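Below: one structure, written as structure tokens.
A quick note: this is a predicted structure, and the numbers were derived from the prediction, not measured. Nothing fancy with the numbering, it's 1 onward along the sequence.
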Amino acid sequence: MTHVTGGSSTASLARRNCSPWGYIPNPLSPQELSALDCITPPMASGHTPWRLDGPDGTVETSVSGRFQANSVHAMLQAALAGLGIALLPDVVTAPHIRSGALVPVLPQFSVMGVDVHLVYQSRRQLPRAVHAFVEFTMAKMRESGMVT
């Protein structure tokens, strides 16, 4: 396997501006997230560790919630539906924050350096279609600000 590292992106916390399922409070500290519904990837333990970079360094907190998903798209849709607080890449949440559909949560905290990789089968003679796809994808990710 070969992979192309596209660079780094950041991720931040966001929630729906006004949830149809009830009020989702805005936590004052990362530790308060453990008492709130958070949208996380599925974990056997039911709890997901979030390591957040803040003004005083990295803080780790364990979160859980009533909705789990293994794709960014599904987690975004859940956040937009008001199911909880999600930790998502900024490039995904930015348009929804600008429109007011989502609001930042703990804006002084983020996850820095979320790596982005493009993985494909290693071959001596890379087919032109694969090469073109890699170039196209990298250009689109740079253009969108997803990678630097």
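- Between P30 and T61 the shortest heavy-atom distance is O-OG1, 3.4 Å.
- Looking only at side-chain heavy atoms (C-beta outward), Q68 and I39 stay at 4.5 Å or farther from each other.
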Should I97 and V103 be marked as a side-chain contact (heavy atoms from CB on, under 4.5 Å) after you check the CA-CA gap, both sets of side-chain angles, and the distance that decides it? CA-CA 6 Å; I97 289 174; V103 293; over 6 Å; no
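- Within the 4.5 Å cutoff, the side chain of L76 has heavy atoms near those of the L102 side chain.
- Side-chain atoms of F109 and V59, non-hydrogen and from C-beta on, do get closer than 4.5 Å to each other.
- Judged by distance alone, the side chain of S34 and the main-chain N or O of Q31 form a donor-acceptor pair under 3.5 Å.
- Going from atom CG of L52 over to atom CD of Q108 covers 10.0 Å, rounded to the nearest 0.5 Å.
- Taking the side chain as every heavy atom from C-beta outward, L106 and L33 approach each other to under 4.5 Å.
- Taking 4.5 Å as the limit, some side-chain heavy atom of C38 sits within range of a side-chain heavy atom of W50.
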For the pair D53 and T58, evaluate side chain to side chain donor-acceptor pair (under 3.5 Å) and give the outcome as yes or no after the intermediate values. CA-CA 4 Å; D53 300 314; T58 301; 2.9 Å; yes
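- Under the 4.5 Å side-chain criterion, counting only non-hydrogen atoms from C-beta, V63 is not in contact with H47.
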Check against side-chain contact (heavy atoms from CB on, under 4.5 Å), V111 and R51: CA-CA 7 Å; V111 176; R51 289 173 195 84; over 6 Å; no
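- Between T48 and S64 the shortest side-chain heavy-atom distance does not fall below 4.5 Å.
- Contact check for I85 versus D37: no side-chain heavy atoms found under the 4.5 Å cut-off.
- The two atoms that bring P49 and E60 nearest to each other are CB-OE2, 3.6 Å, heavy atoms only.
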